[in-house]
S.K.: 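Got a structure for you, written out below as structure tokens; questions coming shortly.
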Amino acid sequence: MRLAIAASLAAITVSPLHAQQAPAISADALKEMTQTLASDAFEGRAPTTAGEEKTVAYLIERMKAAGLQPGNKGEWTQDVPLVELTAANVQPLTISGGRTPLSFAYRTDAVIGTYRVVPTVSVKDSEVVFVGYGINAPERGWNDYAGVDVKGKTVVILINDPDWESTTLDGPFGGRAMTYYGRWTYKYEEAARQGAAAAIIVHDTEPAAYGWGVVQSSWTGPQLIQDPGDENLDESSVIGWVQLDAAKRLFASAGKDFGTLAAAARQKGFKAVPLGLKASTQFDQTIKRQASRNVIGILPGTAAPDDYVLYTAHWDHLGRCDAVDGDDICNGALDNATGTAGLIELASAHAKAGPARRSMVFLAVTAEESGLLGSKYYAENPVYPLAKTVGGVNMDGLNINGPARDFVLVGVGKSQLEDLVKPIVEGAGRMIRPEPSPEKGYYYRSDHFSFAKLGVPMLYGESGEDLFDGGVQAGAAAANDYVEKRYHKPQDEYDASWNWDGAVADLTLYYRLGRQLADGDAWPNWYPTAEFRAVRDKSRAGAK
């Protein structure tokens, strides 16, 4: 088995596809940086905390050592204006008017919050309406809000898309693969557009892609939003989640069967159902306006320095969180100290190879865990014009399970970067395979999405589950074990026993793709059917 692994890695590093020498990717450097960033001394790297101060200082130090130059007009950072909202005196979510009065306890039964920047949030006797999946997609002939006025009301929403249980990729919403309509961010956005006073999503582990513990750890304590400059009064007063069992009790109190209505919501033409119930809750919150920081380094190009190739990774994690066995630091070792370490190591490898034709930008963004806020802010306020940004690679967690035979493109079928990376993958003796869990919607859950929405093609790909040591069974078991036991929990800690060969293999692919873009003159676009094609075409037309 060791011989097979060695042969695989040798194929990657001596690929004849490109003239440049094999990149100098150091597993020891990856280990050192990951262990440092994930240590308790960095307190979970929460934005706007002492953990951020240590993280930003460390990243600047490492970018300097890697050979980068300051990437923001002579500065290493870009301020990202944020508002920190911390709930207090949270009252239970109570449901009245049904067969049985219900009171859903905060954190255990329900988690609630708000995007509104106000000191007190209150919903009182708000009529409850079940709106199925809460989707309004005219291009698909689907509107769960058709024929119902939810202004001032509380909407109860199912997570994911109506066809998430499909075993194929065929269906009104891409079958098994989640669309953006399935993401919780969209559900709240649409509820606000419809004028709902409160939007409550029913948590179900499989379609949500994580257990209740992730909701509880991620949605309690200080919450960050992008500073709107006002009070965000166009948002729903209350947003949140309710446990599946609690939702079933809510429907039963209304004399309805949850399973029956959930099944009906999967069918086109579903009509929203008023439940004859009223919801109430209230909480106070402290408001703290402050800035976090993106960290930016650049390797200036030679012949085309005003064209830019972009690498991204988020440096933040959850900071202090719900304690497990007395440990209340969510260290975020895999998510995303590994990806941040990979960003710096790629910068070092490119610097050692010498300048490319185009400039290369290395962007460590903040507040990904709060809703991609750092990347969203950069994309909307770019240091380097998006029209002149060729494309790039995003990293959100490296492979620490050992080398894999396969390479997975997350959100496959979107951009021409896939055509460019395919021969690089095949030249490394690996194969591209479909996402094993497209229903989890990973394409919409990391920082590349902020750039995609504004037209910049970004590759988001990673090792698949077919490990050289143990095959798909071992790879799937490792992935499931991480999600169930460590994801967004204090247990996501650095482990000296991790196998970094797979991370080095993937970083080598990212290096070769980035170098090919930076040394060439191609402008990869989205495929004609991709939802981001029009904005890219408009952006590029304005740059010529």
Side-chain angles (χ1 to χ4, degrees), residues 80-87 90 93 110-139 142-159 180-201 218-219 222-242 272 274 278-292 367 370-381 444 449-450 453-454 531 535:
V80 179
L82 300 174
V83 179
E84 181 183 275
L85 304 174
T86 305
V90 182
L93 176 64
V111 172
I112 57 175
T114 189
Y115 291 138
R116 292 194 174 194
V117 186
V118 293
T120 301
V121 176
S122 177
V123 170
K124 184 172 177 60
D125 294 332
S126 170
E127 295 180 34
V128 181
V129 182
F130 174 56
V131 294
Y133 286 86
I135 294 172
N136 180 16
E139 79 284 1
W142 194 290
N143 186 2
D144 289 325
Y145 290 95
V148 62
D149 182 0
V150 299
K151 289 183 175 62
K153 299 177 183 179
T154 294
V155 293
V156 177
I157 313 168
L158 301 176
I159 192 62
Y180 187 58
Y181 292 114
R183 284 288 288 152
W184 57 264
T185 47
Y186 168 79
K187 312 286 186 183
Y188 296 140
E189 290 165 1
E190 187 59 39
R193 284 190 287 266
Q194 298 289 335
I200 306 297
I201 295 174
S218 302
W219 280 72
Q223 300 291 299
L224 293 171
I225 64 171
Q226 188 170 322
D227 191 341
D230 55 23
E231 295 180 331
N232 259 353
L233 296 184
D234 56 343
E235 299 285 351
S236 299
S237 291
V238 170
I239 56 174
W241 297 73
V242 65
K278 293 186 177 181
S280 300
T281 188
Q282 179 175 316
F283 58 93
D284 301 323
Q285 60 181 0
T286 58
I287 300 168
K288 187 177 181 182
R289 280 187 157 90
Q290 55 197 321
S292 183
S370 300
L372 317 184
L373 300 183
S375 58
K376 179 176 183 290
Y377 186 81
Y378 179 95
E380 293 173 351
N381 303 272
Y444 309 100
F449 185 54
S450 295
K453 285 194 294 184
L454 294 182
E531 58 267 51
V535 66

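Computed from a predicted structure; not experimentally measured. FYI, the numbering just counts along the sequence from 1.
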S.K.: Where the side chain of Ser126 meets the backbone of Thr154, is there a donor-acceptor pair that is under 3.5 Å apart?
M.R.: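 Yes; at least one donor-acceptor contact below 3.5 Å.
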S.K.: Heavy atoms only: give me the nearest Pro119-Ile287 pair and the separation to one decimal.
M.R.: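 Of all heavy-atom pairs spanning Pro119 and Ile287, the closest is N-CD1, 3.9 Å.
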S.K.: Given ring pair (Phe, Tyr, Trp, His ring centres under 6.0 Å), test Tyr180 with Phe449 step by step and report yes or no.
M.R.: CA-CA 10 Å; Tyr180 187 58; Phe449 185 54; 5.2 Å; yes
S.K.: Looking only at atom types and distance, does a side-chain atom of Ser280 sit under 3.5 Å from a main-chain N or O of Asp125, one as donor and one as acceptor?
M.R.: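 Yes: the side chain of Ser280 pairs with the backbone of Asp125.
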S.K.: If every non-hydrogen atom of Pro228 is compared with every non-hydrogen atom of Val83, which pair is closest and at what distance?
M.R.: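 For Pro228 versus Val83, the nearest heavy atoms are CD-CG2, 4.1 Å.
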S.K.: At their closest point, which heavy atom of Ala110 faces which heavy atom of Leu93, and how far apart are they?
M.R.: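 Closest approach of Ala110 to Leu93: CB-CD2, 4.5 Å.
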S.K.: Can you check whether Ser218's main-chain N or O pairs, donor with acceptor, with Gln223's side chain at less than 3.5 Å?
M.R.: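 Present.
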S.K.: If you measure from CD1 on Ile157 to CD1 on Ile200, what distance do you get to the nearest 0.5 Å?
M.R.: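 Those atoms lie 8.5 Å apart.
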S.K.: Looking at side-chain heavy atoms only, is the closest gap between Gln226 and Glu380 below 4.5 Å?
M.R.: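 In short, these two side chains touch, coming nearer than 4.5 Å.
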S.K.: Between Leu373 and Leu224, what is the shortest heavy-atom contact and its length?
M.R.: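 Smallest heavy-atom distance, with atoms named: CD1-O, 3.6 Å.
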S.K.: Can you tell which of Lys376, Lys288, Arg289 makes a salt bridge (charged side-chain N to carboxylate O under 4.0 Å, His left out) with Asp227?
M.R.: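 By the salt bridge (charged side-chain N to carboxylate O under 4.0 Å, His left out) criterion, Asp227 pairs with just one of Lys376, Lys288, Arg289: Arg289.
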S.K.: For the CD atom of Glu190 and the OG atom of Ser236, what is their distance to the nearest 0.5 Å?
M.R.: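 Taking CD in Glu190 and OG in Ser236, the distance rounds to 10.5 Å.
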S.K.: Taking the side chain from Lys124 and the backbone from Ala279, do they hold a donor-acceptor pair closer than 3.5 Å?
M.R.: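 Not a single qualifying donor-acceptor pair exists.
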S.K.: Roughly how far, to the nearest 0.5 Å, is OH of Tyr186 from CG of Asn136?
M.R.: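 Going from the CG atom of Asn136 to the OH atom of Tyr186 covers 5.0 Å.
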S.K.: State, yes or no, whether a side-chain contact exists between Leu158 and Phe130 at a heavy-atom distance under 4.5 Å.
M.R.: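 Yes. Closest side-chain heavy atoms under 4.5 Å.
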S.K.: How far does CD of Gln285 sit from CD of Glu84, to the nearest 0.5 angstrom?
M.R.: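 Atom-to-atom, Gln285:CD and Glu84:CD are 11.0 Å apart.
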S.K.: Enter the distance from Arg183:CZ to Glu189:CD here, rounded to the nearest 0.5 Å.
M.R.: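 So the gap between those two atoms works out to 10.5 Å.
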S.K.: Examine distances only and state if a side-chain atom of Glu231 and a backbone atom of Arg116 form a donor-acceptor pair shorter than 3.5 Å.
M.R.: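 No: the side chain of Glu231 does not pair with the backbone of Arg116.
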S.K.: At their closest point, which heavy atom of Ala379 faces which heavy atom of Ser450, and how far apart are they?
M.R.: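 Looking at all heavy atoms of both residues, the shortest contact is CB-O, 3.7 Å.
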S.K.: Would you confirm whether Asp144, through its side chain, and Ile135, through its main-chain N or O, come within 3.5 Å as a donor-acceptor pair?
M.R.: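 Checking the backbone N and O of Ile135 against the side chain of Asp144, a donor-acceptor pair under 3.5 Å is found.
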S.K.: Does any part of the side chain of Glu235, heavy atoms only, come nearer than 4.5 Å to the side chain of Thr114, both counted from C-beta?
M.R.: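 Contact flag for Thr114/Glu235 side chains = no.
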S.K.: Quick check: closest heavy atoms across Ala197 and Val123, and the distance to 0.1 Å?
M.R.: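 Taking Ala197 first and Val123 second, the nearest heavy atoms are O-CG2, 4.0 Å.
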S.K.: Could you check whether any side-chain heavy atom of Tyr444 comes within less than 4.5 Å of a side-chain heavy atom of Thr185, counting everything from C-beta outward?
M.R.: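 No - every pair of side-chain heavy atoms lies 4.5 Å or more apart.
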S.K.: Under the criterion side chain to side chain contact (heavy atoms under 4.5 Å, CB included), I'd like the reasoning laid out for Tyr188 against Ile201: C-alpha separation, chi angles, the key distance, then a yes or no.
M.R.: CA-CA 9 Å; Tyr188 296 140; Ile201 295 174; 3.5 Å; yes
S.K.: For Trp142 and Tyr181: C-alpha separation, side-chain torsions, deciding distance, then whether side chain to side chain contact (heavy atoms under 4.5 Å, CB included) applies.
M.R.: CA-CA 11 Å; Trp142 194 290; Tyr181 292 114; over 6 Å; no
S.K.: Measure the spacing between CD1 of Ile239 and CD1 of Ile112 and express it to the nearest 0.5 Å.
M.R.: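 So the CD1 of Ile239 and the CD1 of Ile112 are separated by 10.5 Å.
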